[in-house]
2 protein chains.
Amino acid sequence: MARPSQFRESDVLTRAMLVFWQHGFAGTSVRHLEQATGLTASSLYNRFDSKEALFASVLDHYIIKVVQWRIDRYLCADDALAGLRRFFDSTYDYISQQRPPMACLLANTALEKSATDLAVRAQLDRGLALLEDAFADCLQRAVQAGQLRADCDCSRWARHLLLCLQGVLVDSTIHPDHARLSELVDGVMAALPLLQH
Amino acid sequence: MARPSQFRESDVLTRAMLVFWQHGFAGTSVRHLEQATGLTASSLYNRFDSKEALFASVLDHYIIKVVQWRIDRYLCADDALAGLRRFFDSTYDYISQQRPPMACLLANTALEKSATDLAVRAQLDRGLALLEDAFADCLQRAVQAGQLRADCDCSRWARHLLLCLQGVLVDSTIHPDHARLSELVDGVMAALPLLQH
DNA sequence: TTCATTTTGTATCGATCGTTACAAAATGGA
DNA sequence: TCCATTTTGTAACGATCGATACAAAATGAA
């Protein structure tokens, strides 16, 4: 057998993820990744083939560790609409608790790289499809719970919510202001086909 | 007197704008700017002080030549709601007619640089405030024309529209699909407090 | 203990990064 | 025509880019 690695791949991906998340792909250097992960360039290139390949692994890691985690945490709550509301509200905590604030690796990557890199675009599409499906399921449960009108087109509203989420991420970067975000989310929630009691 | 410039600053800013728009700030090199503008690095650094300063000038140029132009073109139409609809629809033409597609320099810059660069964030805020005010004016005219309910809070809906626009820009980069965008814009317009006839 | 195999640390590769020094070229005023 | 001033082209600066060559270190199998 051979010499074993002195790191866990998941830890390295998490640390690299934070760097790419904050500085973007072009703004992140291999030196910076060495410092953040504690590995040498040799080890990084031995495990991952290139900066591009590492970034692809980081995108997958983000989808699992951040996107899916937030879906499970908020969009599967018993009270579907309350969970949805908390999901949107929590984006502000997520953004503002970082120094400097970081919106979303998927949205950042979409605007930096997806236009020219089809493989990256496919990864982003997969991550956003997870969110869109989770929104649709959440809305469907809200319909069944009598929170939304029975004729609510959950698939279309799910795409609308995904649109609003991406908008929130951009807006929160320019206006890192909780009151503004909260008012915006009020508007997003109020636009849903609510069932009045 | 001195030797005159052999270029018009506005032309240089337009050409540099397209490069930054497509590749981002970190992804754009001075060599690339030389090629796109036809100027040497000497002339670029003689007129602008640095890559950062050139980028700041480019942002101002974008706000005037793209943002304000699109406001004048669409959001000042006689039929306010129809103009608003065409404004959103036109984002797809704007994105898809470029090879590769380019969303919006303001949104791109927001996610790439605004978190760490306060001067840039202030510029973006100014550009987006132009849009927000134009949305509010447009909605106000729609109210006066009897297209929207009289109790419509135009300022809040203007912020909501800005949110949706930023979402459209991110989404269109990942899904450059006219039908999808059109359906999303349907949802955005339908959410407005329309006055039924 | 020897060996095949993989990881690690060091040191550096050629290319490109943003930026600048310097002199020739181009102007209107004296 | 000569001068002061600014722009331009050439050439290159030190720093950093992504990536790699190479040998020492570390493992389990034989």
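A note on names: the letters A, B, ... follow the listed sequences, proteins ahead of strands, and every chain is numbered from 1. Just so it is clear, the structure is predicted and the values come from calculations on it, not from any experiment.
Across D:dT7, D:dG18, C:dG9, the shortest atom-to-atom separation from the side chain of A:Tyr45 is found for D:dG18. Nearest nucleotide to the B:Lys51 side chain, out of D:dT20, C:dA25, C:dT19: C:dT19. Considering only side-chain atoms of B:Arg3, the nucleotide from D:dT8, C:dT8, D:dA19 that sits closest is D:dT8. Among the nucleotides C:dG9, D:dA19, C:dT7, the one closest to any side-chain atom of A:Ala41 is D:dA19.
The NE2-P distance, from B:His23 to C:dG18, rounds to 13 Å in whole Å. At whole-Å resolution of the value, CD in A:Glu52 and P in D:dC17 are 16 Å apart. B:Asp49 has its CG atom 13 Å from the C1' atom of C:dT20, to the nearest Å. As rounded to whole Å, 16 Å separates atom C1' of C:dG18 from atom CZ of B:Phe55. The interatomic distance linking A:His32 (NE2) with D:dA15 (C1') rounds to 17 Å, in whole Å. Rounded to an integer number of Å, the gap from CG of B:Asn46 to P of D:dT10 is 16 Å. Going from atom CZ of A:Phe48 over to atom C1' of D:dA19 covers 16 Å, rounded to whole Å.
Summary of the strand contacts: B:Pro4 and A:Arg47 both lie near DNA chain C, and taking for each the nucleotide with the nearest heavy atom, the more 5' one is attributed to A:Arg47. The nearest heavy atom of DNA chain C to A:Leu44 and to A:Arg31 marks one nucleotide each, and the one closer to the 5' end goes with A:Leu44.
A:Ser29 has a side-chain polar atom (N or O) that falls below the 4.0 Å cut-off from OP1 or OP2 of D:dC17. Contact check, A:Thr40 against C:dG9: a side-chain N or O comes under 4.0 Å of OP1 or OP2. A close approach under 4.0 Å does occur between a side-chain nitrogen or oxygen of B:Ser43 and OP1 or OP2 of D:dT8.
Ring planes of B:Tyr74 and B:Phe87: perpendicular class, angle over 60° (limits at 30 and 60°). Note: A:Phe25 and A:Phe20 have parallel aromatic rings, judged against thresholds of 30 and 60 degrees for the angle between ring planes.
Here B:Ser42 lies in heavy-atom contact (under 4.0 Å) with a base. Residue A:Phe7 is classed as a sugar-phosphate contact, given heavy-atom separations below 4.0 Å to backbone atoms only.
Contact check for A:Leu18 versus A:Met102: side-chain heavy atoms found under the 4.5 Å cut-off.
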Item to complete: Determine, step by step, whether B:Asp78 and B:Arg141 satisfy the salt bridge (Lys or Arg N to Asp or Glu O under 4.0 Å) criterion, reporting the C-alpha distance in whole Å, the side-chain angles of both residues, the deciding distance to 0.1 Å, and the verdict.
Response: CA-CA 9 Å; B:Asp78 286 339; B:Arg141 288 189 297 111; 5.9 Å; no
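Proximity of the aromatic rings of B:Trp157 and B:Phe135 is defined here by a centroid distance below 6.0 angstrom, and this criterion is not met.
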